[in-house]
Amino acid sequence: MAETFANPVIPGMHPDPSICRVGEDYYLACSSFEYFPGVPIFHSRDLVHWTQIGNALDRPGQLPLPVGTPASAGVYAPTLRHHDGRFWLITTNVAPGGGNLLVTTTDPAGPWSDPIPLPGVPGIDPDLAWDADGTCWCTVAGVSQLRLDPDTGRALDEPRRIWSGTPDGKAPEAPHLHRIGEHWYLMIAEGGTERGHAVSIARGPAPSGPFEPCPDNPVLTHRGTDHPIQNTGHADLVQAVDGSWWMVLLGVRPRGGTPGWHVLGRETFLAPVTWVDGWPVVGELAIDQPVPPWPTHPVAPLPAREDFDTSQLAPHWISIRRRPVEDCTTERRPGWLTLRARGGSLDEQDVTFVGRRQQDLYCEARVLLDTAEGRGGLAVRLDEEHHYEIEAGEGQVRVLARVGSLRAQAAAVPQPDAAVTLAVRIVPVREPGGPRVGPDTIVFGLCGADGSFTELAALDGRYLSTEVAGGFTGRVIGAYAASGTAHVDWFDYRPLEETA
Ligand code: 6LW
């Protein structure tokens with residue numbers, strides 16, 4: 001029985017993957033939308049096990065995400081390439097004062113350069129490719145293309161439409177141009193990033209075409225199926241060290257009925273690719289995927305407990321739109337993360353929040369929070385209009401919910417102490433004897449000093465799903481300050497078995 005690995009290889013909200021290889025090292029970048037820092041960068045030695053090594057846009061000056069930047073706006077799809085000894089990352093900041101930008105570095109863990117603005121590059125999903133004479137070709141959704149000076153960001157000609165995708169496709173986007181053998185291949189996503197998503201490809205004699213569509217397009221889609229991985233698309237290709245070819249792509253894992261609800265956002269999956277008559281054939285894409293034919297290099301999982309004992313937060317911690325130190329700092333009380341409310345609640349765009357992507361279908365998070373100087377809590381967030389939270393302060397612990405225009409208080413009890421351990425457990429749907437409907441149940445409670453869990457409220461996970469909220473993101477679980485100052489001693493996150 002061949003050994004298998006679990007797809008997605010990068011679970012949780014990690015969409016629009018772009019990949020490159022340097023020697024025996026693989027690097028991958030994803031979108032990050034309204035979260036800061038932006039564009040998580042991952043490293044792997046086997047395409048299966050990945051470690052986040054940083055974020056390309058981790059300085060406020062690199063990533064303006066002002067209040068007014070809508071949820072699911074901000075950083076859209078990146079392209080990550082290595083050329084001439086440097087890493088290049090091009091992406092789009094869909095925000096007031098944003099636009100297409102390019103950053104470069106010799107160390108993908110950072111620091112990356114200040115953004116090089118690309119005023120002549122239109123649209124979204126920019127791609128970079130260099131031909132043999134060093135010309136840099138920038139291709140964008142649509143699909144249009146222009147030549148670019150990557151050192152200055154100057155467009156060297158006007159954008160030209162080079163392909164519109166397949167006749168029954170729509171929204172041709174996510175272009176990636178690869179020179180493979182005698183051909184230039186132009187791979188795109190089309191059909192929109194929902195259930196109709198697909199990957200199509202064309203090839204031509206030059207980076208500018210003309211392009212001949214693959215006779216078997218789309219080369220990958222799960223539309224019209226009940227496959228457990230849906231919305232498959234937005235792919236990139238990489239040649240492995242052994243010469244084989246692989247595809248990373250985004251997909252979702254809807255659960256709990258029809259149409260099914262996905263809550264972790266669009267995740268990064270891995271599939272094998274073979275070539276037949278000069279066209280790619282995408283192999284099996286499964287939740288349990290046969291491992292590639294080389295030694296695997298497992299990596300340590302993220303620590304279950306974050307003690308906030310260092311002034312630099314680990315790269316997987318994200319805030320909403322910005323994280324000026326004065327609002328989220330470990331300097332004010334060593335060993336604690338101090339969250340100073342900016343005045344906004346989770347309904348506002350500038351709430352003080354630090355969290356991590358939910359990466360497991362079932363999981364538990366706990367925080368020890370000192371609310372002697374204000375109010376704060378533990379939240380499961382999709383956006384300003386879709387979040388559940390347990391909030392403590394001013395002598396009361398409450399479980400609150402917002403779904404669109406509906407707000408509810410699901411529980412309220414006296415707060416036992418200023419320092420309180422709040423918890424959320426995301427568990428399978430509780431349906432005594434009935435059909436499983438919905439992806440999960442989100443249970444909030446208080447923890448005793450002995451680690452015991454006292455449930456306060458159980459909420460339906462359907463309403464914190466992308467099918468309900470819309471947009472491009474997935475759940476983020478984090479601590480926040482609603483007023484005054486809340487201090488976080490530690491934050492625990494651990495996966496739960498499905499039988500939890
Ligand atoms: C991404 C584009 C898309 O830039 O969604 O639906 C955008 N397609 O390819 C955000 O993921």
Side-chain angles (χ1 to χ4, degrees), residues 8 10-19 28-35 38-40 56-57 63 65 69-80 89-95 98-102 118 121-128 138-145 163-166 169-177 186-201 218 220-223 229-237 247-254 262-269 318 357 382-383 466-467 469-476:
I10 306 180
M13 175 184 64
H14 294 105
D16 307 326
S18 178
I19 187 168
L28 185 147
C30 295
S31 304
S32 51
F33 304 103
E34 75 265 28
Y35 290 99
V39 190
L57 306 178
L63 182 54
L65 292 169
T69 303
S72 283
V75 176
Y76 276 33
T79 295
L80 176 64
L89 186 131
I90 188 171
T91 191
T92 312
N93 180 10
V94 180
N100 282 310
L101 62 97
L102 180 62
L118 305 172
V121 175
I124 60 171
D125 296 358
D127 173 73
L128 290 179
C138 179
T139 309
V140 296
V143 178
S144 299
Q145 185 186 77
W163 192 30
S164 298
T166 62
K170 67 165 185 158
E173 55 197 1
H176 287 308
L177 196 58
L186 175 59
M187 183 169 69
I188 67 170
E190 50 184 4
T193 198
E194 292 79 19
R195 296 293 191 268
H197 214 191
V199 179
S200 295
I201 198 163
L220 171 68
T221 186
H222 285 175
R223 66 186 175 210
I229 306 169
Q230 285 292 325
N231 301 22
T232 51
H234 204 113
D236 201 2
L237 292 171
M247 176 184 278
V248 291
L249 64 135
L250 73 78
V252 302
R253 293 183 280 168
H262 75 275
V263 301
L264 302 186
R266 296 161 306 153
E267 307 174 277
T268 286
F269 292 79
I318 50 180
R357 297 163 175 85
L382 255 178
D383 59 28
T466 307
E467 279 75 15
F472 295 128
T473 61
R475 289 178 185 165
V476 176

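Residue indices begin at 1 and follow the sequence shown. Numbering of ligands and ligand atoms starts at 1, following listing order.
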Interatomic distance, E190 atom CD to T166 atom OG1 [nearest 0.5 angstrom]: 3.5 Å

Single hit among I10, L80, D236 for side chain to side chain contact (heavy atoms under 4.5 Å, CB included) with L28: I10

At a non-hydrogen distance cut-off of under 4.0 Å, which region of D16 contacts ligand 1 (side chain, backbone, both, or neither)? side chain

Partner set under ring-ring contact (aromatic ring centres under 6.0 Å, His included) for Y76, not counting sequence neighbours: F33, F472

Treating T91 as the side-chain partner and A77 as the backbone partner, does any N or O pair qualify as donor plus acceptor under 3.5 Å? yes

Counting N and O atoms only, with roles assigned by atom type, does the side chain of D127 sit under 3.5 Å from a partner on the main chain of L177, one being a donor and the other an acceptor? yes

Who are the side-chain hydrogen bond (donor to acceptor under 3.5 Å, both in side chains) partners of N93, not counting sequence neighbours? none

Looking at I124, I188, D125, the heavy atom closest to atom 4 (O) of ligand 1 belongs to D125

Is the closest heavy atom of R266 to ligand 1 under 4.0 Å? yes

Please classify the A77 to ligand 1 contact at 4.0 Å (heavy-atom distances, strictly less than): side chain, backbone, both or neither. both

Of the protein's non-hydrogen atoms, which lies at the shortest distance from atom 5 (O) of ligand 1, and what is that distance? F472 CE2, 3.6 Å

Which ligand 1 atoms, with their elements, are less than 4.0 angstrom from a heavy-atom of H234? 9 (O)

Any N or O of E173 closer than 3.5 Å to N or O of ligand 1: yes

